[in-house]
Amino acid sequence: MKIAFIGAGQMAEAIISGLVEKEEVQAQAIYATNKHDPEQLQRLTDTYGIKTSEDVKEAVSESDVVIIAVKPKDKDAALSEIKALLPQSTLVISVMAGVPTATIEAQLNAGVKVIRTMPNTSAKIGLGATALARGRFADDASIDTAAFIFNAVGITEEIAEKDMHAITAVSGSGPAYFYYMVEAMMEEAVALGLSETVSEAFIYQTILGASHMLQEIDLPPAVLRENITSPNGTTEAGLKALDQLKVKQAIRQAVKAAHDRSITLGKGE
Ligand SMILES: NC(=O)C1=CN([C@@H]2O[C@H](COP(=O)(O)OP(=O)(O)OC[C@H]3O[C@@H](n4cnc5c(N)ncnc54)[C@H](OP(=O)(O)O)[C@@H]3O)[C@@H](O)[C@H]2O)C=CC1
Ligand SMILES: O=C(O)[C@@H]1CCC=N1
């Protein structure tokens, strides 16, 4: 299977890195293009052994799958460039936040098979979570192809396209919320006198352990939290501070804001 990436930034690299690491797709069968950054293309070739070119024709014309990995604001330019070059059988997969399959279909040749996805950057280490939604002309084989690619870099699930905004808010943007929390914990750990090295080791292991507990122990997060919270103990004091500052509401608002922004992004705003 030959795969061309239109856009060679953070998300494209995360997928490329995971795919090459897993050896599900040969590095030489992956092509990446961008518009303005030949140094980035050279770095991708040097790092992953993939083909790169600023010539979009070279990348697209022989590909079975084209992955649109540009920012939503660049979609019109990117889609108009590939429209005439796409073989009819090529599957188009979008990773663009918010952008409906109908918008992509309208900008390409009639009948094009489109799968909209929402991955996340943890694909880079094979721990991504990618939602898949089919466009009007995509069939089961299209979903199978997209699932094959994204299963190589994590978990996948087909969802209704209407739910893409919510998934984007939860798992597309989600890693950033956890990094934000780690940044805050690191800042306070250092302020309390720990070295950066010790803070990093203990906070990273704590988030890894908590994540594995959620996956492997058959208990809801609220119970796992209660199991750590002794009456009048340290955790209770910490959680009280979070409640006083309405952190739960803030996190819910963050997810809602990301959801709402996905909708407006899709409208080109
Ligand atoms: N980052 C993330 O965590 C996630 C991102 N996404 C989605 O992935 C997409 C890309 O995001 P991200 O990788 O973060 O963004 P980046 O800015 O890192 O990458 C965008 C890439 O698109 C290239 N590009 C811009 N215009 C064109 C064009 N006309 N033709 C070819 N390439 C072009 C840019 O290079 P140059 O300017 O040099 O051409 C750059 O390589 C977005 O739509 C985003 O919604 C989805 C899930 C998670
Ligand atoms: O911030 C964004 O728009 C992209 C989509 C999901 C994660 N990053």
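Indexing begins at 1, ligand by ligand and atom by atom, following the structure's order.
Checked against a 3.5 angstrom limit, the closest N/O atoms of A12 and ligand 1 fall outside it. At a 3.5 angstrom cut-off on N or O pairs, G9 counts as close to ligand 1. Remark: ligand 1 and N120 share no N or O pair separated by less than 3.5 Å (distance only, no angle test). Where the criterion is an N or O separation shorter than 3.5 Å, residue side chain and backbone included, G172 fails it with respect to ligand 1. The N/O atoms of A77, backbone and side chain alike, include none that comes under 3.5 Å of an N/O atom in ligand 1.
The protein heavy-atom contact nearest to atom 18 (O) of ligand 1 is Q10 N, 2.9 Å. Shortest contact from atom 3 (O) of ligand 1 to any protein heavy atom: T121 CG2, 3.3 Å. Annotation: atom 45 (O) of ligand 1 to nearest protein heavy atom, A97 N, 3.0 Å. In this structure, atom 14 (O) of ligand 1 lies nearest to the protein heavy atom K71 NZ, 3.4 Å. When hydrogens are left out, the protein atom nearest atom 37 (O) of ligand 1 is H36 ND1, 3.0 Å; that is the closest non-hydrogen contact.
For atom 4 (C) of ligand 2, no protein heavy-atom neighbour is present inside the 4.0 Å cut-off.
Clustering of Ile, Leu, Val, Met, Phe, Trp and Tyr by side-chain heavy atoms under 4.5 Å joins I251 with L239, L242, L245, V247.
When each atom of ligand 1 is checked for a heavy atom of A8 under 4.0 Å away, the hits are 21 (C), 40 (C), 41 (O). The ligand atoms of ligand 1 that sit less than 4.0 angstrom from a heavy atom of E81 are 29 (N), 30 (N).
Two residues are said to be in side-chain contact when any heavy atoms from C-beta on lie closer than 4.5 Å; I104 and V99 meet this criterion.
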